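This report concerns only the one structure given below.
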Amino acid sequence: TAVRWTRQGVWVTREAGGTVRVGLGPQSADALGEVTGLEAAAEPGSAVRAGQPFARATWEALKITSADELYHTVWGHAEGTSDIALPFAAKLLEVNPAARAVVGDAAPEGWIARLQPEAGADNHPS
């Protein structure tokens with residue numbers, strides 16, 4: 001199955017029957033830091049509009065908190081959440097409870113959610 005990448009750093013694979021599985025790509029995962037949790041931002045069975053978050057990642061990392069004119073930097077521990085959105089409309093079918101263990105991997109077990117793209121949706125992964 002071919003893997004496609006969105007501008008949002010999400011990978012998408014098409015399954016039989018027209019459904020897709022989506023996951024967080026390695027560049028997006030690295031930019032966040034250590035992903036410590038993933039949760040659905042919508043309930044299974046609900047419609048997700050293009051650009052609307054379908055999942056939320058909880059992360060922690062060392063980030064530059066300040067710098068001076070001599071380029072001395074101060075690093076601090078940071079944590080937060082980031083929304084993960086799709087560029088196409090879809091119905092959320094299922095959320096992978098084990099997704100956190102394989103974030104950044106486009107392997108079959110690394111998916112966050114399984115969705116049914118809306119017919120005729122813009123940017124629909126074909």
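In this text, all values refer to a predicted model and were calculated from it rather than measured experimentally. Position 1 is the first residue of the sequence, and the numbers go up from there.
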Listing, residues 43-57 side-chain donor-acceptor contacts under 3.5 Å, not counting sequence neighbours, or none:
from: S46; atom 1: OG; to: E43; atom 2: N; distance (Å): 3.4
from: S46; atom 1: OG; to: E43; atom 2: O; distance (Å): 2.5
from: Q52; atom 1: OE1; to: R49; atom 2: N; distance (Å): 2.8
from: R56; atom 1: NE; to: D83; atom 2: OD1; distance (Å): 2.8
from: R56; atom 1: NH2; to: D83; atom 2: OD1; distance (Å): 3.4

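Listed by chain and number, the residues in a side chain to side chain contact (heavy atoms under 4.5 Å, CB included) with T6 are Q8, V10, V12, P87 (sequence neighbours excluded). H77 meets the side chain to side chain donor-acceptor pair (under 3.5 Å) test with no other residue; sequence neighbours excluded. With sequence neighbours left out, L93 forms a side chain to side chain contact (heavy atoms under 4.5 Å, CB included) with T19, K91, R114, Q116. The side chain to side chain contact (heavy atoms under 4.5 Å, CB included) check on S66 picks up V74, with sequence neighbours excluded.
Smallest separation of non-hydrogen atoms from L92 and A42: CD2-O, 3.2 Å.
Distance alone, capped at 3.5 Å, is enough to place a donor-acceptor pair between the N96 side chain and the W111 backbone. T13 places no side-chain N or O within donor-acceptor distance of the main-chain N or O of V3, the cut-off being under 3.5 Å.
A salt bridge (Lys or Arg N to Asp or Glu O under 4.0 Å) check over residues 65-79, counting only residues at least two apart or in different chains, returns nothing.
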Between W59 and S82, does a side chain to side chain donor-acceptor pair (under 3.5 Å) hold up when you go through it step by step?
CA-CA 8 Å; W59 54 268; S82 294; 3.1 Å; yes
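At a threshold of 4.5 Å between non-hydrogen side-chain atoms, the residues V22 and I84 do not count as touching.
Once rounded to the nearest 0.5 Å, the distance linking CG of L115 with CG of L86 reads 5.5 Å.
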